Every structure is written in structure tokens, then in C-alpha cells.
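Per chain, numbering begins at 1; letters A, B, ... match sequence-line order. Fair warning: this is a prediction, and the values are worked out from it, not measured in the lab.
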Number of protein chains: 2
Amino acid sequence: MRGLSRGDVNKDGSTPIYSQVEALILDMIETGKLSTGERAPSEREVATSLGISRMTARAAISKLVSDGYLHTVAGKGTFVSDPKLRQDLLELTSFTEDMLRRGLRPGARLLGLEVADQVPLKVRRTMGVSGDSELISVRRLRTADGRPMCLETSYLPRAKVPWLLEEDLQSGSLYRILESRSIELAKAEEHLEATLATEEESELLTVPAGSPALLIERITYTDRDEPIEYVKSLYRGDRYRFSAMLFKKRKKGGGS
Amino acid sequence: MRGLSRGDVNKDGSTPIYSQVEALILDMIETGKLSTGERAPSEREVATSLGISRMTARAAISKLVSDGYLHTVAGKGTFVSDPKLRQDLLELTSFTEDMLRRGLRPGARLLGLEVADQVPLKVRRTMGVSGDSELISVRRLRTADGRPMCLETSYLPRAKVPWLLEEDLQSGSLYRILESRSIELAKAEEHLEATLATEEESELLTVPAGSPALLIERITYTDRDEPIEYVKSLYRGDRYRFSAMLFKKRKKGGGS
DNA sequence: AAGTGGTCTAGACCACATT
DNA sequence: ATGTGGTCTAGACCACTTA
């Protein structure tokens with residue numbers, strides 16, 4: 001299989017070999033050297049042509065399978081999946097990343113940044129704090145291409161982000177700020193429901209009162225499973241669409 | 001670590017060892033033998049106590065990690081994740097399963113089952129058919145505990161499910177019917193948006209006209225990446241909430 | 001120093017597909 | 001008969017954390 005040769009992987013570098021292989025195959029897919037439905041090089045081909053172990057090649061391919069780029073058929077081979085099935089659905093992103101991905105220019109108008117002293121019980125419980133003044137709240141009107149997209153209220157634990165009150169939340173992405181402080185976000189639980197914008201909300205979002213809106217509640221966790229952020233976002237129903245990829249779980253007991 | 005001994009795995013059976021190990025550890029978590037935040041047995045412990053290779057033990061643990069039951073910390077160990085983070089979010093389920101999981105009794109009222117001859121272009125394209133009469137449409141009012149929950153319109157390729165017109169879609173789950181015919185569903189792409197119920201829709205859903213509703217579009221694929229179903233569902237905004245778990249992807253090349 | 005997860009090797013046998 | 005993915009082994013070295 002042309003395109004894969006021993007020189008393509010660096011065994012001494014700090015980057016794991018399987019990650020390099022993953023990037024190599026991904027590149028072949030994205031540049032069209034491998035097209036949809038086509039058979040990808042087999043595990044053994046990848047292993048021998050790159051001079052690595054089959055298990056290492058397999059690790060790379062497995063990752064691409066779980067990310068939706070490839071799918072395997074036992075006895076036949078590994079095939080390139082339909083691009084529709086490998087869209088970056090269900091990836092945890094910031095509003096900023098989300099908008100950029102949609103081809104829109106993200107923006108923010110800061111409505112409030114303060115130590116919160118009247119936090120709903122539900123939020124306090126979720127964030128694992130008991131008293132008042134333990135959370136910082138950020139309220140922002142998020143814009144896309146300059147026009148209102150959603151109304152966002154975040155709560156973060158003061159103990160973990162005491163420096164937040166000094167940050168510039170007008171322009172920057174909150175998630176990028178957190179990462180620059182070595183707070184690694186790992187996953188988030190989201191709940192979505194359809195609702196109507198109240199009078200105040202519709203005014204800020206510049207839509208008629210009673211317009212449909214998508215209410216998204218998100219609890220973000222760090223790589224140590226600690227809740228780091230509770231966000232309630234109200235998106236304009238006419239401008240926003242949420243996408244996700246759902247997977248079927250295997251049955252227990254070897255049935256399937 | 002008590003609870004894991006050589007007799008617990010069957011090396012001759014048809015069930016892979018790592019699946020058995022996965023089930024064993026999962027059981028320890030669900031029965032409380034391992035509680036939230038506690039350290040799970042290490043890869044080497046599992047391997048030696050069960051008399052298997054470390055790589056096999058690791059395969060089982062990796063699966064549980066990717067399913068959200070455990071999380072690893074390099075150099076420290078593997079820990080049991082918060083139950084909130086391992087809820088079955090983002091799993092592909094039928095309406096029937098979904099309702100049962102929410103503790104509601106699912107039901108259906110068949111509104112239409114026919115060969116569809118006026119299918120929107122978008123649906124035809126998605127399903128990969130060109131002409132008319134190649135899709136079967138199913139329109140049902142779905143109920144939960146006897147009260148209307150959503151209005152569901154499905155399109156399936158006639159060529160793949162010619163027997164569908166004879167099926168009982170009043171009581172049974174469509175997905176269970178497909179599975180009984182050896183059609184394995186693997187994943188689905190979903191798009192959600194907030195909207196308002198039209199007059200006809202609100203009447204069927206027994207809500208006031210102009211009520212908020214969650215519009216869900218789903219395209220379901222088989223394990224061979226073939227689209228098998230296109231569904232448009234309109235859920236009552238006051239009764240339904242969609243949940244998902246989002247994960248952060250790793251950065252490439254150590255740039256971060 | 002000892003234990004942990006992260007990575008990697010060089011083999012092996014199996015069931016299944018294709019030729 | 002050959003090639004494929006699926007599974008499994010019995011080692012190995014590394015960076016990291018904890019004691």
C-alpha cells in the first residue's frame with residue numbers, strides 16, 4: 001500500500017507510535033487517498049509496511065473505528081465510513097469552537113461576573129458546595145456573526161478558579177482560559193429541552209416574546225471526575241440545532 | 001482482591017475472556033463491592049488473580065473506561081467514576097426502551113402505514129433512493145403512561161423491509177421487529193431543535209396551540225453503514241428532555 | 001523502591017470471507 | 001488456500017506517583 005513506509009513513524013519521539021499511525025491513516029482519508037467505502041490497508045499491511053507490531057497497528061485502527069472514521073467487517077477487512085457518520089458529533093466543545101465549526105464568528109457580551117450568593121439548590125448540589133459565596137457566576141450573551149445566539153449563565157467553584165474574576169470574558173473563550181490554567185476538561189453531561197423565551201430573554205436574544213428556544217443544561221467535569229462548571233444556556237430556536245451521534249451497545253452474555 | 005479468582009473466567013467458552021472480565025468488574029461496581037471514587041483492582045491484580053494476560057485484563061478495563069464506569073490516572077490507578085457520569089446517555093435506543101428507562105409505560109397509536117409516494121427530497125437523498133414508492137412511511141402517535149408524548153414519522157427503504165406493511169406497529173417496537181429480522185442497528189445521527197407545535201400537531205399531542213416542542217430528526221444506520229431509517233419526531237416540550245454525554249477529544253502532536 | 005497505567009513486541013489460534 | 005479481523009499470551013521498558 002503506497003503512502004505507508006518505515007520512514008513515516010518515529011519510534012524515538014515522545015508521540016506514541018499508534019497515535020502517529022492514527023494520524024497517517026486519518027490523513028489518507030482526509031486527503032482522499034482512501035475514499036468512502038474503500039477498503040483500508042489491513043492491520044498486517046500497516047504493521048509490516050511501517051515496521052511495527054500488528055497490535056500497535058490495531059490500536060491505531062481501533063481508535064479510528066471508535067471515532068467513526070472506519071468500520072470493520074470480520075473476515076473481509078476495514079472500510080472507510082461515510083463522512084456523515086464521522087462528523088464531530090458528541091464532542092465536548094466550547095461555544096467558541098462550536099460556532100467556528102459552524103462557520104460563524106463567535107462573540108460575547110458580558111452581562112455579569114460576580115461571586116454568586118443566591119444560587120439555586122440544584123446547582124449547589126450538582127457542584128458539590130453547600131453554602132453561599134462558594135460559586136462564581138458568569139452571565140453572557142453569546143453572539144454569532146454579531147447577532148445574538150444564546151443566553152448563557154455559568155457557575156464555577158470559587159475555590160478552584162479564584163482568579164476568574166480578573167479574567168477577560170468579553171473576548172476570550174472560558175474553556176481556553178481554564179486550559180491555560182491547567183484545568184483539563186474531560187466530559188460533560190447535557191440535558192436539552194424545548195421551551196419558550198420569557199419577555200426579558202427574548203429581548204436580549206432579539207426575538208419576539210414567546211419564541212421557541214432550546215434550553216441546554218451542561219455539567220462539565222475535569223479528567224479527575226470533578227464538576228468544574230454548571231451552565232444553563234438558552235439558544236434561539238431559529239438559529240441553533242444540536243447534533244449527536246448515538247451508538248448501540250452490545251448485549252450482555254455473548255448473545256450478539 | 002477478593003471477588004476475583006481463577007474460576008470466574010471460562011477460557012473455553014465462546015464468550016471472549018475480556019468480555020467476561022468486563023462483566024465481572026461491572027458486577028462489582030453495580031453491587032457496590034466497588035464504590036464511587038474507590039480504586040479498582042489494578043490491571044496486574046486482575047491478570048494474576050484470574051490467571052490471564054495483563055493485556056486481556058487491560059482490554060476489559062479500557063472498555064469500562066470508554067463506557068464511563070471507570071477512569072484512569074497514570075501512576076495512581078483506576079477509579080470508579082461517579083454514577084452520574086456513567087448513565088446510559090448517548091445510547092441508541094428505541095422509543096419503547098427510552099420510555100421504559102424513564103419509568104413510563106410506552107404505547108403507540110398508528111396513524112398511517114403505507115408506501116410513501118410524496119417524500120421530501122431531503123429524505124430521499126438521505127436514504128439513498130431516487131424515485132417515488134421506494135420508501136415505506138410509518139406515522140404514529142407515541143404515548144407514555146397513556147398520554148401523548150410525541151408524533152413520529154418514519155421512512156424505511158421498501159427494498160430492505162418489504163414485510164413491514166404486514167407488521168403490527170400498534171403495540172410492538174419497530175426496532176425489535178427489525179432485530180428479529182436480523183437487521184442490526186449500529187448508530188444514529190440525531191439533530192435536535194426547538195420549535196412550536198402547529199395546530200394539527202398540538203391537537204394530536206393534546207397541548208395548547210403554540211406550545212414549545214422538541215423536533216428530533218434521526219437517521220439510523222446498520223452495522224454496515226447503510227441508512228435503514230429516517231425519523232422525524234416532535235416531542236412535547238413539557239414532557240421530554242434529551243440527555244447526552246459529551247467527551248473531549250485529545251489534541252494531536254502534544255501541541256497543548 | 002515499589003506499584004501503577006501507557007506503550008510495544010513477536011508470536012499464536014480462531015472463525016469467517018474470498019478465490 | 002489465503003487473507004481478514006478478533007482474541008490472547010508472556011514478556012518488556014517508560015514516566016509517573018506514593019511511600
Practice problem: Consider the side chain of A/Thr56, meaning its heavy atoms from C-beta on, and name the nucleotide among D/dT17, C/dG5, C/dC8 that approaches it most closely. | Solution: C/dC8

Self-check item: Distance, rounded to the nearest Å, where B/Arg58 contributes CZ and D/dT9 contributes C1'
Solution: 16 Å

Exercise. Would you mind reading off the distance between B/Lys11 atom NZ and D/dC8 atom P, rounded to a whole angstrom?
Key: 10 Å

Quiz item: When the distance from CG of A/Leu70 to C1' of D/dT4 is rounded to whole Å, what number comes out?
Solution: 15 Å

Quiz item: Any side-chain N or O of B/Thr72 under 4.0 Å from OP1/OP2 of C/dG5?
Solution: no

Quiz item: With the threshold set at 4.0 Å, does a side-chain nitrogen-carboxylate oxygen contact exist between A/Arg218 and A/Glu190?
Solution: yes

Exercise. Mind calculating the distance between CG (B/Asn10) and P (D/dC8) to the nearest angstrom?
Key: 11 Å

Quiz item: What is the distance, rounded to the nearest whole Å, between atom NZ of B/Lys63 and atom C1' of D/dC8?
Solution: 18 Å

Quiz item: Quick one: which of C/dC8, D/dT9, C/dT4 gets closest to the side chain of A/Tyr18?
Solution: C/dC8

Quiz item: In whole angstrom, what separates B/Phe79's CZ from D/dT17's P?
Solution: 12 Å

Quiz item: Any sub-3.5 Å donor-acceptor pair from A/Glu229's side-chain atoms to A/Ser154's backbone N or O?
Solution: no

Quiz prompt | Side-chain donor/acceptor contact of A/Arg44 with base of D/dG5 under 3.5 Å | solution = yes

Quiz item: Side chains of B/Pro157 and B/Ile228: does their closest heavy-atom pair fall under 4.5 Å?
Solution: yes

Quiz item: Less than 3.5 Å between a donor and an acceptor, one on the side chain of B/Arg54 and one on the base of C/dG6, is that the case here?
Solution: yes

Quiz item: Under 4.0 Å between a side-chain N/O of B/Ser53 and OP1 or OP2 of D/dC8, yes or no?
Solution: no

Quiz item: What base-paired stems does DNA chain C take part in, with at least 3 consecutive Watson-Crick or G-U wobble pairs and both distances under 3.5 Å?
Solution: C:1-16 with D:3-18

Quiz prompt | Separation of atom CD in A/Glu43 from atom P in C/dC13, rounded to whole Å | solution = 18 Å

Quiz item: How do A/Lys76 and A/Gln20 order along DNA chain C: which one's closest nucleotide is nearer the 5' end?
Solution: A/Gln20

Quiz prompt | Donor-acceptor contact present, side-chain A/Gln20 to main-chain A/Thr15, <3.5 Å | solution = yes

Self-check item: Residues which pass side chain to side chain contact (heavy atoms under 4.5 Å, CB included) with B/Val115, listed by chain and number, not counting sequence neighbours
Solution: B/Ser133, B/Arg158, B/Leu165

Quiz prompt | B/Ile52 side-chain proximity, nearest of D/dT9, C/dT4, D/dC8 | solution = D/dT9

Quiz item: With a non-hydrogen cut-off below 4.0 angstrom, is A/Ile61 in contact with a base, only sugar-phosphate, or nothing?
Solution: nothing

Quiz prompt | Value in whole Å for how far the C1' atom of D/dA10 lies from CD1 of B/Ile17 | solution = 14 Å

Practice problem: Enter the distance from B/Met28:CE to B/Glu38:CD here, rounded to the nearest 0.5 Å. | Solution: 8.0 Å

Self-check item: Any A/Thr78 side-chain N or O less than 4.0 Å from OP1/OP2 of D/dG5
Solution: yes

Quiz item: A/Glu97 side chain to A/Ser94 main-chain N or O, any donor-acceptor pair under 3.5 Å?
Solution: yes

Quiz prompt | Closest-nucleotide 5' rank along DNA chain D - winner of A/Met55 and A/Gly77 | solution = A/Gly77

Quiz item: So, does A/Arg124 use its side chain to make a donor-acceptor pair with the main chain of A/Ser130 at under 3.5 Å?
Solution: yes

